[in-house]
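Data first, discussion second: the structure below is written as structure tokens.
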Protein chains: 2
Amino acid sequence: MPATIMKKKITLKQIARELDVSISTVSKALRNSIEISEDTRQKVQAFAKLYNYRPNNIALSLKNRKTKTIGVIIPDIVHHFFSKVIRGIELVANKRGYNVIVGLSNESFDKEVINMQMLANGSIDGFILSISKETLQQQDYHHFKETINQGMPIVMFDRIVNEINCDKVIIDDLKGSKNAVSKLLSNGCENVAIITTKDYVSVGKLRTQGYLNALEDFKMSPETDLILKVDDELVSEDHLESLEREIEGLFKRNKNIDGVFAVNELYAIIAMKVARNLGMRIPEDIQFIGFTDGVLSKHATPSLTTVSQHGQLMGEKAAELLIDNLEREDEMEHYTTIVIETELIERNSTK
Amino acid sequence: MPATIMKKKITLKQIARELDVSISTVSKALRNSIEISEDTRQKVQAFAKLYNYRPNNIALSLKNRKTKTIGVIIPDIVHHFFSKVIRGIELVANKRGYNVIVGLSNESFDKEVINMQMLANGSIDGFILSISKETLQQQDYHHFKETINQGMPIVMFDRIVNEINCDKVIIDDLKGSKNAVSKLLSNGCENVAIITTKDYVSVGKLRTQGYLNALEDFKMSPETDLILKVDDELVSEDHLESLEREIEGLFKRNKNIDGVFAVNELYAIIAMKVARNLGMRIPEDIQFIGFTDGVLSKHATPSLTTVSQHGQLMGEKAAELLIDNLEREDEMEHYTTIVIETELIERNSTK
DNA sequence: ATAAGTAACGAAAACGTTTGCGTGTTGACA
DNA sequence: TGTCAACACGCAAACGTTTTCGTTACTTAT
């Protein structure tokens, strides 16, 4: 095959040289400035079209001191919820002329910091992020504070922390889980267990609280043995067997469990599996509700009743918030927190 | 709350002014040039550290004419396979000092073109992409050709097209599906059906061919009625009921089906559900294998035997290929195609 | 003492834009 | 013919770097 002729990207300077005019004339001609005669304007535009001229983004970014790019840092991308959020972010970002650059913290504090530093040096105009578990555990938020201090706006979603002053998009974890548990209780469940995470994950804590609140509403007192706090480290990759054993233990110790609320989809699915193996019928003998609506819930058998977080909507709202902030003229800083309503999606794991 | 004092990002110029030296001196001092005296070097570096100086990425990009950023265009991000690929890309990109900027084509030709144009104007050094269905259908690849012609390298993965000359990372769809179907046949299946897509999706076509090859190997002749070509449009969002009905029809017309190979995970899961509703036992009466290993396969009941595509590995290889290309000195263009081996992950839907 | 060499720094160009302002040419009008 | 607009264009600065090439001032050797 013959070496193909490359039509490298053309610049204003090259157009100027070809047409024997100055760079500024070319620039103005392309932007339809009235300073330029009809004649040369047409000439320049024709030439530019012919060579498919497009202004260099980097040069524009440098000149305008804004990149029209937003940085997104999330703990994991192979995760239904987070990818839905990204889809939402990308949707409105694109609509408003922005690009999206993603960094994965992989739930690690160091990677989160590195990633933010890598992007904060002019590559982006602002951040949208969800805090990694390790960061939440260590409670070290200096990188967020510094970033904000340098004048770079941040929007946090889902996994947030009150200590940081910035825009936030969250769901009402407490209300969502309270509703879910209430649903189980009104459906006749008398011994509802909860499968949750250790408390340092803020959402886990809130969802546990919602469980307790629901019990209280129904004048029932919580039993410690019905609260299973799973160590997330164990579940991280493929140590699901230990989780299964823990849940099995829960069921065997409490034969009367007739309802389970799990703080995420996977826990619920696994719990259903264990229950079925123990001979319980769903939803006749025992009912299940999970938090975080994903593919598993929809396609499991029986399909799982879940609390939907509306991930895509969260992403959209976060992007709106950030871009509004970026394009706002007045420098008055006022931070808003958007609360997305959760929704109970009823399927076949409940009566 | 008092207005916080902002420590805006500091530049070389500001350091120079503060320390009463020239910009070049500051730059050299920070890069440990021997031209600079020990004295001023220390002074500059101390000042820089104090004010947390970091070189502006955009300025560097402009000067070096490379952004250290790679653009990724995929059809959908809420998809286990694609998110795994992104994870792989991000992993090696990060390791090699690159950022990743993602664009979603949403399976649309126009959005694919727009997205590429948006990024090709200097924002990135090269593309990694998987072609949208609409583009494959229309067979209009001019945007790829133009991009490559402008000297911007492209690496395609999974959904590729031979017509374009560039690096590629694919799996051996034919071999993978042939292996899967052979597995069913050696397990004793005598009437294996395939649930596949319309032919314009290249991978669907290849996987169908693998199915036929396997039959041939076992001296069996294909029956047209055992080949179900699903119209993808119908399945796109939530029109799964029609898919269920189609599959139900397949089973009812061919009572003797004892094995099913589906070209993706979802089809297999739904087929299993339909089969179970029809009273068939899995894997005793009928066995299932799906392509594309995802969360559904692992957590379904029974868990689904699948052909794993090793999405993360694909992403890693694609990124290696692209970055190697970007950092190669010699301009000799030679395109390589990496074929990732598929792996049959046996679970409980087969004997 | 003078030539040569060296150490330490600054000026300027370059990357590709946009834009305020200066400047030359034309034409009209007094 | 001289003055003044209007028109059409170019210059140069700016965004923040890096790097080449001077340019000093001082030291060393002859």
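Protein chains get the first letters and strands the later ones, always in sequence-line order, with residue 1 at the start of each.
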- [ ] If the plane angle is over 60° it's perpendicular, under 30° parallel, otherwise tilted; pick one for B:H143 and B:F109.
- [x] perpendicular
Task: Close side-chain approach of B:I148 to B:I164, heavy-atom, < 4.5 Å - done: yes
Open item on the list: Looking at B:Y53, I'd like to know whether one of its side-chain N or O atoms comes within less than 4.0 Å of OP1 or OP2 on D:dG16.
Closed with: no
- [ ] Would you kindly check whether a donor in the side chain of A:S22 faces an acceptor in the base of D:dC9, or vice versa, at under 3.5 angstrom?
- [x] no
Task: Rounded distance in Å - CD (B:E35) to C1' (D:dC21) - done: 10 Å
Task: Proximal nucleotide (of C:dG16, D:dT17, D:dG10) relative to the A:K63 side chain - done: C:dG16
Open item on the list: Using a strict threshold of under 4.0 Å (side-chain N to carboxylate O), is an ion pair present between A:E18 and A:K13?
Closed with: no
- [ ] Indicate whether OP1 or OP2 belonging to C:dC9 is found under 4.0 Å from a side-chain N or O atom of B:S37.
- [x] yes
Open item on the list: Taking any heavy-atom pair under 4.0 Å as a contact, classify A:T11: base, sugar-phosphate, or nothing.
Closed with: sugar-phosphate
Open item on the list: Any side-chain N or O of A:K13 below 4.0 angstrom from OP1/OP2 of C:dC15?
Closed with: yes
Task: Cationic N near anionic O, under 4.0 Å, A:E107 to A:R159 - done: yes
TODO: Report yes if a side-chain nitrogen or oxygen of B:S24 is closer than 4.0 Å to either non-bridging phosphate oxygen (OP1 or OP2) of C:dC9; otherwise report no.
DONE: no
